[in-house]
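Report on the following structure.
Lettering of chains follows the sequences in order, A, B, ..., and the numbering in each one begins at 1.
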Amino acid sequence: MPALKAFIVEDSPVILDNLVATLEELAQVEVVGAAAAEREALDWIKAPPAAYDLLIIDIFLKSGSGLGVLRAAQEAAVPARRVVLTNFANADIRRRCAELGADRVFDKSSELEDLIEYCSDLAGNAPSSAKALS
Amino acid sequence: MAAGHSTAGNGPQAVRRRAVFGLVIAGLMALLVWGASEWSYQRASGALTGLGERGSARLAMQLVLRRTLDAESAQRGYLITGRREYLLPLDEVRNDLDKALALLKRHYAADPATAALALRLEDRTLEKLSEVRETLAMYEVGDHDRWRELILTDIGREKMVETRAIVEQMMVIEDQRVAADRADIYRTLEFSRVGVHVSTLLALIGLLFFLRQTASMHAAQRAHADDLKAERDTLERQVRQRTLELSELNRHLQDVREAERSQIARSLHDNLGSLLTAAKLDMARLRRALAGGAAPADLERRLTHMVETIDQGIVFKRALIEELSPSALHNLGLRPALEILVSDLARRSGLQVTLACDDVMLGSAPRIVAFRVVETALNNVADHAGVKEAQVSVRQEAEDLMVVVRDAGQGFSPSEVPLSRYDLVNLRYRVETLGGTLRVTSAPGKGTEVEARIPLSASDWGELDSADREADAASARRRD
């Protein structure tokens, strides 16, 4: 049974589809929602139709920026983990993301395996959200 | 150019002509003055010489008369007293008379009437003298009755009277002539005086004329200088305007370039980026599958999925390259490239284009520019004209390629809307760099026509042709 519920903010449908398939196959993740733009993501976080344990955020979105989503999540003190998945993971971006409350930053080109491992670990250790809500 | 200056009367040419004219007049006047002066002098000195001669003639006449009287007196004295002393003057008489008569004859030789008078005088004088001689001879021989008789004949007295009369006549003539000569001199002087006055006046007029000419020439020179300055100012203005235009164009080009680059970046990120990430995700799954000992069928499926992903990447890459630089244009030529462009447009935007294109051999520079003209114009039609039809004509006319793109859409007003709005300024610049022209005709509601004339021999990449061929070869290798 998938232990980790994730919400993905990513504007490329190709990446989204592949990522969902990979995470569900390799990391016991269930993707409960996705958004392609900052506004969509913020609306969803404010009123999540489902509980979630992990936020996966891309920086470059169809409109707005993933940093805005991070900030909003930080301000709302969302209990879920927040990780950034991006093509441009240089030192500056990593620092900014850390300041905005990101737990980890993964480079799309070189740290995909790390992301999968991270999700696996999280899925293994995290209490089931069903248990948390009861 | 010389607005405000009448060039007809005061141009440097006209002024110079008038200056020459003035010089000629001055020369003629100088000649006139000199001539008049000379003539007056000649006439006056001639008249004075004449007067001198007349004086001599008068003296001569009076001498003749006196001498004749002397001879008569001598004769009478001797006849009355018988004393020889009375005859003394007679020797001189003959000499003087001869000289005086000769002078008179010379003096009056010119005029037959007066010459005749002189001869008569001579005759009378000689006759009188012979009468004197005869009477003296008679007295010498003692023939007193005869000489008394001779004297009583009054011949001597008559001769004397005639001589006197002739001399008086001559004197009158001389007086008249002297008066005439004097009048002549006065006239000459008068003429001279008038001449000098007139010359002075003419000289003054000439001077005024000259001064006016000089002023005219200066004015003309100033006007000329002003014209030059105005022209320079205009040119400077034009240069400033041109520079401004070029700066604008440059800025526009930079903007367009940046926009293009960020668009390409975006396109690469969105498409190629996603596909590569997807491929990496596939790899991660494949690796897990291998590590987990998955079945070959599963592996096969994973691999197939990856191959599809990579194929999509290749398709995108090809499309992007074609968009950037159509391979058909380089490899097949202008007409095939245009045909592909037209069919692409029909598919993408429903625009129906009628294409009439000559099969012309073109260098790479005019080929690309011609293609871009049609591409840009047709994109404008698709985006702004509001119609679904357009006509494209590419024909060879003499030494040029005529590219015409026409539509019957809503048009625009070129005086109100800058051509840069429709990417036409950049295009015009490229066409003009090849030595051609680009003309846009449009009016609201009346459609639009873009006409480019490109010299067939144009090649602004002349030295780079071999580099071009290299690039062509390289790009051909890139196309899988």
Checking heavy atoms, do the side chain of A/L112, its backbone, both or neither come under 4.5 Å from chain B? side chain
Can you list every donor-acceptor pair under 3.5 Å that links chain B to chain A?
{"from": "B/H269", "atom 1": "NE2", "to": "A/N87", "atom 2": "ND2", "distance (Å)": "3.4"}
{"from": "B/S274", "atom 1": "OG", "to": "A/S12", "atom 2": "OG", "distance (Å)": "3.0"}
{"from": "B/K280", "atom 1": "NZ", "to": "A/S109", "atom 2": "O", "distance (Å)": "2.5"}
{"from": "B/R285", "atom 1": "NE", "to": "A/E25", "atom 2": "OE1", "distance (Å)": "3.1"}
{"from": "B/R285", "atom 1": "NH2", "to": "A/E25", "atom 2": "OE1", "distance (Å)": "3.1"}
{"from": "B/R287", "atom 1": "NH1", "to": "A/E113", "atom 2": "OE2", "distance (Å)": "2.8"}

Any chance CZ of B/F316 has more than 12 other-residue heavy atoms, nucleotides or ligands included, within less than 6.0 Å? yes
Step through the shown structure and confirm whether more than 12 heavy atoms of other residues, nucleotides or ligands are within 6.0 Å of CE on B/M283. no
Can you list the residues that meet the salt bridge (charged side-chain N to carboxylate O under 4.0 Å, His left out) rule with B/E245, with sequence neighbours excluded? B/R242
Select one option (side chain, backbone, both, neither) describing which atoms of A/L19 are under 4.5 Å from chain B's heavy atoms. both
